[in-house]
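Order of the sequence lines sets the chain letters (A, B, ...), proteins ahead of strands, with each chain counted from 1. Note: hydrogens, waters and symmetry copies are ignored here, and every other heavy atom, side chains too, is used.
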Protein chains: 2
Amino acid sequence: MTGRDKNKYNTTTGPVTLADIAKLANVSPVTVSRAINTPTLVKPRTLEAIERVIAKTGYVPNLLAGGLASRKTRLIAAIVPSVASTIFAETIEGLNAELVSAGYQLLLGLSGYDLDRELELTRAILARRPDGIILTGITHMKETRAMLTGAGLPIVEIWDSTPSPLDTAVGFSHAAVGALVAQHLLIRGYDRYAQVGANDPRAVQRRDGFVNRLKGIAEVELPDLEMNSPSTFQDGREAMAQLLDRGEGSLGVFCSSDVVAHGALAEAHARGCKMPEDLAIIGFGDFDFAPYTHPPLTTVRIDRRDIGTKAARSILRKIDGTERVEAMINIDFHIVARGTA
Amino acid sequence: MTGRDKNKYNTTTGPVTLADIAKLANVSPVTVSRAINTPTLVKPRTLEAIERVIAKTGYVPNLLAGGLASRKTRLIAAIVPSVASTIFAETIEGLNAELVSAGYQLLLGLSGYDLDRELELTRAILARRPDGIILTGITHMKETRAMLTGAGLPIVEIWDSTPSPLDTAVGFSHAAVGALVAQHLLIRGYDRYAQVGANDPRAVQRRDGFVNRLKGIAEVELPDLEMNSPSTFQDGREAMAQLLDRGEGSLGVFCSSDVVAHGALAEAHARGCKMPEDLAIIGFGDFDFAPYTHPPLTTVRIDRRDIGTKAARSILRKIDGTERVEAMINIDFHIVARGTA
DNA sequence: GATTACAATGAAAGCGCTTCCATTTCTTCG
DNA sequence: CGAAGAAATGGAAGCGCTTTCATTGTAATC
């Protein structure tokens, strides 16, 4: 007895229910439900009376019950690797803004770049029966894919491109980004080329695109360093130190994110490298600080927020179901040339 | 008919249910429920059989139904102003990590520093019957407070301190931060003192603390600039330009965030100000880039992640209900003296 | 003024699970 | 070996809503 009494939170007697409102307003529960969900079907006088009762009692509908009955939760789940790295935070903001204005709620899952965790999250999320789900990347465990397709809900994969998405994808080709950066450096011409980056699937694709574009022209050097996503300022600094110690000649470096690039930049700056003549650094992401490094960072810009917005719109259109949604929605990217390349 | 058929997502016939599993495993639904939630109450042989069926069918329990029946959703909601500003992103990460490891899910709401939106979010969130809710700050509309206390669930307010929280608060005194910064600048001694900051309640408190500490010693100058939260690099830059144009003598400036400070710094740097002799700048937040500005930024450090962790733990302990949770949990802060003050 | 059409409301069933209480099955021990 | 207690299982009710279908009220039509 006392054991339970210690808990001061009222979990046993839920507050006002729809039935209570019905009784107080002298109508049936169905009418109250309609007053809330489809007010146009209710006579103005009745509606007003019901609304008065709702306001007076402070009634808050139970969406669990509603969702169970209607099989619609107005919940959209999104799984991203992290929210602390600026890169996904803005996507989330865009996503959320769009969803909220359509009357949906965002359920957030953070996978930490870990596919096993993504699987667990997917299971936990599906148990809440969201009306749609958004995943980061196109690399998933096969159990995840199976669970997802079996659930029969709209799926949007973001931040990558693929000819064969699970359902729809909103993103861009990371290989193409790598190639573009290589191209940009090639035009300027360097003695050596290097890539510094983390090991998540998208960073790896960017590296591959970079390496492929340079194939037959130059060998791409990679620092001997274990870099896990999300890569850090310190990673960049150490990598750059290695590269600089390792050889001679002018050097063009592609970093897997602006954070890493910033670290690389700091090391180069400390050693008095001349940029972009002796050393070029290109980052990825165009983070807030990029215009303000010394020298200002050249980087690849993607409209991160737009990915979120478009993903939300796709999901909503899929839920609506009246118009077809393309399998692949492409997002633009381009190089912002500043002081480092 | 066709109108509905266009929608390819299976929303009508939910997949496997607990009853299906029960039938396939030759047990009653109750036993399946126990196998999932309290497996120790089920005989190992039976358990194994049930688990086999679950694996084979890919059954995913419906937490809406479960939550409705048990009045426990294993859902914790958090409302923060934004997730794009680093400041709250890490709190979210800490929160999420702690919640996930306790088997809870995070439901995220973004208020955009808007109390009306906070109210709407609260309503929408409460409709999902979370087991607890976390809010940012201690300033809420009275309707929000009423709804919250009426809901009878554990509440944690974060990122601020107060003697009278709604339930429990995890944070620190922003006024004390302001006073500490003033103190730090006073010791070094400047001719003029200024504050540059946004208008959200916490930034205002920091300013007030700063102003009060300097009362009778110096007048605190404020740039004539409308700055809405979240304040930007550009805001800081303009504010600093104003301050520098406006008067003579050495100047000590307290900025409401590192982002603003960074902008102020850039302007000062461009004008060749000598720091920290002629100009001191102190930021707030100790963002990632703070050690790498030129000169490195002096700022106030708060363990942002820790706020999330502690908030999560408080909520969980409240839900558990066996141990009392303090009304106010204080978070440390201190000045990290680098190159700008 | 009777007929038809539509607007407004209600009754009953059920969404998929958990809870409470009852029943059955297995141990243990005098 | 039978009683008593514990372990394992099941039946029934119900969480708070929405859905479908039926009914009543009201207005439009000739």
B/Thr38 (side chain) donor-acceptor with B/Thr40 (main chain) under 3.5 angstrom:
no
5' precedence on DNA chain D between A/Val32 and B/Ala69 (nearest-nucleotide basis):
B/Ala69
So how far off straight is the helix from C/dG1-D/dC30 to C/dG30-D/dC1, going by the axes through five pairs at either end, to 10°?
30°
So which protein nitrogen or oxygen atoms get under 3.5 Å of nucleotides 9-13 of chain D's nitrogens or oxygens?
unit_1, atom_1, unit_2, atom_2, d
D/dT9, OP1, B/Thr46, OG1, 2.5
D/dT9, OP2, B/Lys43, N, 3.1
D/dG10, OP2, B/Ser28, N, 2.7
D/dG10, OP2, B/Ser28, OG, 3.2
D/dG10, OP2, B/Thr31, OG1, 2.6
D/dG10, N7, B/Arg34, NH2, 2.8

Under 3.5 Å, side chain of A/Ser85 to main-chain N/O of A/Ser82, donor-acceptor pair present?
no
Whole angstroms only, please: what is the CG-P distance between A/Asn62 and D/dT18?
10 Å
Without swapping roles, check the side chain of B/Thr144 against the backbone of B/His140 for a donor-acceptor pair under 3.5 Å.
no
Test applied, side chain to side chain contact (heavy atoms under 4.5 Å, CB included); reference residue, A/Val32; option that passes from A/Leu24, A/Asn37, A/Thr46, A/Ile50
A/Ile50
Answer yes or no: does a side-chain N or O of A/Tyr59 lie under 4.0 Å from OP1 or OP2 of D/dC17?
yes
Calculate the interatomic distance between A/Leu64 atom CG and D/dT18 atom C1'; express it in whole Å.
14 Å
Taken to the nearest whole Å, NZ/A/Lys23 to C1'/C/dG10 is 15 Å
Note: B/Arg317 and B/Arg324 closest approach over all heavy atoms is NH2-O, 3.5 Å
So, is B/Asn37 close to the C/dT18 phosphate, meaning a side-chain N or O under 4.0 Å from OP1 or OP2?
yes
Spacing of A/Arg45 atom CZ relative to D/dG25 atom P, expressed in whole Å:
16 Å
Does the side chain of A/Arg305 reach to within under 4.5 Å of the side chain of A/Glu93, using non-hydrogen atoms?
yes
Is a side-chain N or O of A/Arg71 found less than 3.5 angstrom from the main chain of A/Leu68, in a donor-acceptor match?
no
Establish, with yes or no, whether the OP1 or OP2 oxygen of D/dT18 is under 4.0 angstrom from a side-chain nitrogen or oxygen of A/Ser33.
yes
In whole angstroms, the gap separating C1' of C/dT18 from NZ of B/Lys72 amounts to 9 Å
Just how far, in rounded Å, is C1' of C/dC17 from CZ of A/Arg71?
13 Å
A/Ser101 side chain to A/Glu98 backbone, donor-acceptor under 3.5 Å
yes
Please confirm whether the backbone N or O of B/Thr73 pairs with a side-chain atom of B/Asp131, one donor and one acceptor, at under 3.5 Å?
yes
With respect to the side chain of B/Ser70, which nucleotide from C/dG16, D/dC15, C/dT18 is positioned closest?
C/dT18
Take atom CD1 of B/Ile36 and atom C1' of C/dT18, then tell me their distance rounded to the nearest Å.
11 Å
For B/Arg74 and C/dT18, what is the distance between atoms CZ and C1' respectively, to the nearest whole Å?
14 Å
